[in-house]
Amino acid sequence: MQQSYNPKEIENAAQQHWDQRQAFRASDTSDKPKYYCLSMFPYPSGKLHMGHVRNYTIGDVLARYHRMKGFNVMQPMGWDAFGLPAENAAMANNVPPAKWTYSNIDYMRKQLQSLGLAIDWSREVTTCTPEYYRWEQWLFTRLFESGLIYKKTSSVNWDPVDNTVLANEQVIDGRGWRSGALVEKREIPMYFFRITQYADELLSDLDKLDGWPEQVKTMQRNWIGKSYGCDIEFPYDAGIGKTATLKVYTTRPDTLMGATYVAVAAEHPLATQAAADNSALADFIAECKRGGTAEAVMATMEKKGMNTGLFVIHPLNGERMPVWVANYVLMGYGEGAVMAVPAHDERDFEFARKYKLTIRQSIAVKDKSFSNTAWQDWYANKDGVCVNSAKYDGLSFQPAFDAIAGDLAAKKLGEKKVQFRLRDWGISRQRYWGCPIPIIHCASCGDVPVPDEQLPVVLPEDVTITGAGSPLAKMREFYECVCPKCGGKAKRETDTMDTFVESSWYYARYASPGCTTGLVDERARHWLPVDQYIGGIEHAILHLLYARFFNKLMRDVGVFGPDAASVKTFDEPFTNLLTQGMVIAPTFYREDTSGKKFWLNPADVDVTADAKGRPTGATLRADGKPVIIGGTEKMSKSKNNGVDPQGIIDQYGADTARLFMMFAAPPDQQLEWNDAGVEGASRFLKRVWNFGVRVKNAEGSANTPDLQKRTRLEIHTVLKQANADMDKHQFNTVVSAAMKILNALDRLAGTKEEFVHEGLSILLRLLAPITPHISQALWKELDFKKLGYSDDILDAPWPQVDESALVQDEIELMIQVNGKLRGNLLVAKDTDKVKLEQLALAHEAVQKLLAGGVAKKVIIVPGRLINVVI
RNA sequence: GCCGGGAUGGCGGAAUUGGUAGACGCGCUGGACUCAAAAUCCAGUAUUCGCAAGGAUGUGGGGGUUCGAUUCCCCCUCCCGGCACCA
């Protein structure tokens, strides 16, 4: 046995041992209960960052813990390999996206392996391979045929200089990130998944997800946003004696009598019509179309509008209402038009004040007086009654809602309607590095799905990316084809799919590695659903909602078997979810003369701080000149603030990296990266090793029975708490428990007795999921067979609390006076309340404060404290 | 702007869910060992008044409920995540 801790050596040995045993190959046929433990797969951006280490260590701790608990554990890994950064890297370094991606994967796989993760690598999935995306294309064609995928036009960010579509991330302050050109919205045809058809099920099934954080379910509920409202039609003269109607949706039909104008989106047909002979309006509409499509930008923009000069008729009171174009009305939500009730909607109120439009109160709330000059926030509660609303006066929210909806229905100018905030999922991307959409455009047959025997539509891997336009649209050999229906000349679709599509079903593919007959085979029925999913909180909505949607799609298409629709376990993909808090780090940048930002890695920057530790400035180490301090944000490639864990692994070993990461904070809490303290984690592992050496070489003993008893009491008390912490995934306090156990053991004189072996066996098993290498090595060196365990810690059971060690005769109670701690009392465990009260009142600190007076009341919290109120 | 979350010593964090605030670790201070340093070990370490005993204050800010509040309620500030083409 090595006399000192040598992580490199023991980690290599342990990893080799696991490889030889094929220790983490998951059996598809085991009798043990299955535990499918899945961490969100990484985008292969180049190298691991701390967020990855955190994510995969958490997953590994859970996987190894459940193995010790007797589960048949499957923990796979793969690569979310399509995506925008590969194209950016291609432009920056002149290397094809495929080559860049595959070499990143090779490097990152080695990094992951060096962390000692208990992964079944035989199930590895890489989404950019034809074997994988072939089945995505197959599913696409099925969904297209069943109408769950359809085509419509939608807005994108258009860069008029590079003639290309930009991602929201590539639009900075309204300009294209490369060209600097003002971005504009452009309507283009795209394919959409009809996720809204599943809106109700996606909403109601959230109630079944008891293993999900409430926070995530709340966010998803709000995102889906089911609302009960009313469609209302406002008639208008469409010329040549015809009447048309403008449809709006509102959740507050009870305020209809307070509506004084309507507002439409810039893209609304009525706006287009009005602009035809109004150049000022046409200019305004053009202005609205400038800028990107991101909702955060739209919602924080200054509210602007312009009168179209058109009027619509109020459906109940017959008033003429002006039609405005407003930049805050979104074409993509509802009908692209709203009725405005400035008296009771804050946004409408501001707009009406700005453009001097009529504000008319139609709701009154008791004890609140109305003002049309300053906004008052008492409308949202729905606790008022109608006023100035003719026959509806005096009605409260629901009766008014029903009466107005009824009257509108009678006039055929409206009806109650349930509406979702959730929009259909547009998946067309005018990009190269993605899964080709398997559609062929034929002049006579229309959009024809690629037949099964022609799948996969393989993405050519040898391309040059220029950043202008879509590469596939320029590749004749890719898009020229014949129509599968009529055999005529046809053109292949050159858009690729949103990369969220690949990550929406990979968890199922892991359950059927190598399957060539479908997305999955019968093995998926054994493994699905995923028992534990682990990933960053930033995925709380989009990825997790899409994956839930896809699971339902696959169920309904029969991917999990013809009976899947009636099997409850196929309703949801992830039974338990752990949302890891993000690892965040400061960002630093410099700007060039055009204002373009260049992001600098925190590792290359020195920060100066004031006495309170607040940063006062930063300089780039390379040139000693100042850099600008940005926000503290999640580690990302685009902000270049990712910290590479390799340095820590090289210097201290994987166990230290894992231990420190688990000790730094509870998994679901955000973690501001700081490596001060890594040394402490390493120091602890050295102490563990040294203690192992001491036990191995020990002779005889000098520990008294009393010390034995106290040590066992301490160890089992700590273990009990650690078990509870493990089950609530609070790994930082499990690490702290391991430290306490070592502290207790380390205080002992002799080390040969059985209780010392017992304590060490508990310590090593407690640490095994977190620091598997050192646990493996020490377990092998010390003989635990006489305690009844096998000689490989992988097969050892999770430690059990010995309740008999917890029995105590005396307990310590706190003495409080008026809720303030004044002393303590050591009493026999079963002392009755009368006696306790006597003892408390007789306590010298209580006597002193009573000063001869009488206590008003004595509160006894059993086993805890006595509070004397005076 | 909207939705979700967070704030506790110099730092990361703990607190049996309303009952000893600061476990465990980092850092710092002092000591032991050493020619010296590193490593290791021992002791101390919320702030403040006090020689001490002991007292007062203290969980982002303001209010409230309670014998007792980091924990429950109301209001506010700041930070982080998401907002549908970053993944």
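These figures come from a predicted structure and were not determined experimentally. So you know, we letter chains A, B, ... as the sequences are listed, proteins then strands, and number each from 1.
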>> Go through it in stages, so that I can follow the logic: the residues are Arg687(A) and Asn743(A), the test is side chain to side chain donor-acceptor pair (under 3.5 Å), and I'd like the CA-CA distance, side-chain angles, deciding distance and then a yes or no.
In response: CA-CA 10 Å; Arg687(A) 283 183 61 212; Asn743(A) 287 346; 3.0 Å; yes
>> Please evaluate residues Ser227(A) and Gln419(A) with respect to the criterion side chain to side chain donor-acceptor pair (under 3.5 Å), reporting the C-alpha separation (whole Å), side-chain torsions for both, the decisive distance (0.1 Å), and the verdict.
In response: CA-CA 5 Å; Ser227(A) 64; Gln419(A) 169 105 3; over 6 Å; no
> Would Asn641(A) and Thr587(A) count as a side chain to side chain donor-acceptor pair (under 3.5 Å) if you check the C-alpha gap in whole Å, the side-chain angles of each, and the deciding distance to 0.1 Å?
Replying inline: CA-CA 6 Å; Asn641(A) 63 339; Thr587(A) 58; 5.8 Å; no
>> side chain to side chain donor-acceptor pair (under 3.5 Å) for Ser503(A) and Asp80(A)? Distances and angles first, verdict last.
In response: CA-CA 7 Å; Ser503(A) 55; Asp80(A) 186 14; 4.6 Å; no
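Across all non-hydrogen atoms, the minimal contact from Ile584(A) to Thr632(A) is CD1-CG2, 3.6 Å.
Between Arg687(A) and C41(B) there is a side-chain N or O to OP1 or OP2 distance below 4.0 Å. Listed pair Asn168(A) / C83(B) fails the phosphate criterion, with no side-chain N or O lying under 4.0 Å from OP1 or OP2. Remark: Asn222(A) is not in phosphate contact with C2(B), judged by side-chain N or O atoms under 4.0 Å from OP1 or OP2. The side chain of Asn732(A) contributes an N or O atom lying less than 4.0 Å from OP1 or OP2 of A14(B). Residue Gln730(A) places at least one side-chain N or O closer than 4.0 Å to OP1 or OP2 of A15(B). The side chain of Lys820(A) contributes an N or O atom lying less than 4.0 Å from OP1 or OP2 of U57(B). Here Thr499(A) reaches the OP1 or OP2 of A87(B): one of its side-chain N or O atoms lies under 4.0 Å away. Asn867(A) has no side-chain polar atom (N or O) that falls below the 4.0 Å cut-off from OP1 or OP2 of U66(B). For C26(B), the OP1/OP2 oxygens have a side-chain nitrogen or oxygen of Arg683(A) closer than 4.0 Å. Residue Arg431(A) places no side-chain N or O under 4.0 Å from the OP1 or OP2 atom of A87(B).
Comparing G25(B), G4(B), G19(B) by their closest approach to the side chain of Gln215(A) singles out G4(B). Candidate nucleotides C86(B), A84(B), C24(B) were compared by shortest atom distance to the side chain of Leu84(A), and C86(B) ranks first. Closest to the side chain of Asn157(A), from the set A23(B), C85(B), A87(B), is C85(B). Residue Met739(A) places its side chain closer to G25(B) than to any other of G19(B), G25(B), C85(B). Distances from the side chain of Thr218(A) to the nucleotides G4(B), C67(B), G82(B) place G4(B) closest. The side chain of Ala296(A) lies closest to C83(B), out of C83(B), C24(B), C85(B). The side chain of Ala299(A) approaches G1(B) more closely than any other nucleotide in the set G19(B), G1(B), C26(B). Checking G19(B), G1(B), A87(B) against the side-chain heavy atoms of Phe500(A) singles out A87(B) as nearest. Among G13(B), C85(B), U20(B), the nucleotide with an atom closest to any side-chain atom of Pro666(A) is G13(B). The side chain of Ala665(A) approaches G13(B) more closely than any other nucleotide in the set G13(B), C24(B), U20(B).
Where Val735(A) and Gln170(A) meet RNA chain B, the nucleotide closest to each residue was compared, and Val735(A) sits on the side nearer the 5' end. Ranked by how close their nearest RNA chain B nucleotide is to the 5' end, Glu295(A) and Thr733(A) are led by Thr733(A).
Residue-level contact check: Ser428(A) touches the bases, meaning some heavy atom is under 4.0 Å from a base atom. Met190(A) comes within contact range of at least one nucleobase, with a heavy-atom separation under 4.0 Å. As judged by a 4.0 angstrom heavy-atom cut-off over every strand, Ala540(A) is placed among residues making no nucleic acid contact. Among the heavy atoms of the strands lying under 4.0 Å from His539(A) is at least one base atom, whether or not backbone atoms are also near. Across all strands, Met582(A) comes closer than 4.0 Å only to sugar-phosphate atoms, never to a base (heavy-atom distances). At the heavy-atom level, Val858(A) lies nowhere under 4.0 Å from the strands shown. Across all strands shown, Asn824(A) has no heavy atoms under 4.0 Å from either base or sugar-phosphate atoms. Within the 4.0 angstrom heavy-atom criterion, only backbone atoms of the sugar-phosphate kind lie near Thr632(A); the bases stay farther away. At a threshold of 4.0 angstrom between heavy atoms, the contacts of Phe663(A) include nucleobase atoms, whether or not backbone atoms are also involved. Residue contacts shown for Arg421(A) include a base, since a base heavy atom lies under 4.0 Å away. Using a 4.0 Å heavy-atom cutoff across all strands shown, Leu545(A) reaches no nucleic acid atom at all. Across all strands shown, Val171(A) has no heavy atoms under 4.0 Å from either base or sugar-phosphate atoms. Using a 4.0 Å heavy-atom criterion, one finds that Thr300(A) contacts the bases of the nucleic acid, with or without backbone contacts as well.
In this structure, Glu672(A) places its CD atom 13 Å from P of C79(B), rounding to the nearest Å. Between the C1' atom of C24(B) and the CG atom of Asn743(A) lies a distance of 8 Å, rounded to the nearest Å. Nucleotide A87(B) holds its C1' atom 11 Å from the OH atom of Tyr506(A), rounded to whole Å.
Rounded to the nearest Å, the gap between the C1' atom of C83(B) and that of U70(B) is 32 Å. For the C1' atom pair drawn from U16(B) and U71(B), the interatomic distance equals 13 Å after rounding to whole Å. Using C1' as the reference atom, C49(B) and A36(B) are 42 Å apart when rounded to the nearest Å. Nucleotides U8(B) and G58(B), compared at atom C1', are 10 Å apart to the nearest Å. G60(B) and G55(B) are spaced 26 Å apart, taking the P atom of each and rounding to whole Å. Comparing the same atom, C1', in G18(B) and in C73(B) gives a spacing of 14 Å after rounding to whole Å. When the P atom is used for both C26(B) and C41(B), the distance is 10 Å, rounded to whole Å.
Side-chain N or O atoms of Asn55(A) include none that pairs as donor or acceptor with a backbone N or O of Gln580(A) at under 3.5 Å. Listed for the Glu87(A) side chain is a donor-acceptor partner under 3.5 Å among the backbone atoms of Trp433(A). Asn818(A) places a side-chain N or O within donor-acceptor distance of the main-chain N or O of Ile870(A), the cut-off being under 3.5 Å.
Below the 3.5 angstrom threshold, one finds no donor paired with an acceptor across the side chain of Gln670(A) and the base of G81(B). Counting atom types as modelled, Gln430(A) pairs a side-chain N or O with a base atom of C85(B) as donor and acceptor under 3.5 Å.
Residues Glu538(A) and His543(A) have side chains not in contact (no heavy-atom distance under 4.5 Å, counting atoms from C-beta outward).
Across the strands present, G81(B) finds its partner in C3(B); the criterion is a Watson-Crick or G-U wobble pair with both atom distances under 3.5 angstrom. Base-pair partner of A39(B): not found among the strands shown (Watson-Crick or G-U wobble, both distances under 3.5 Å).
Under the 4.0 Å criterion applied to side-chain N and carboxylate O atoms, Arg429(A) and Asp495(A) are not assigned as salt-bridge partners.
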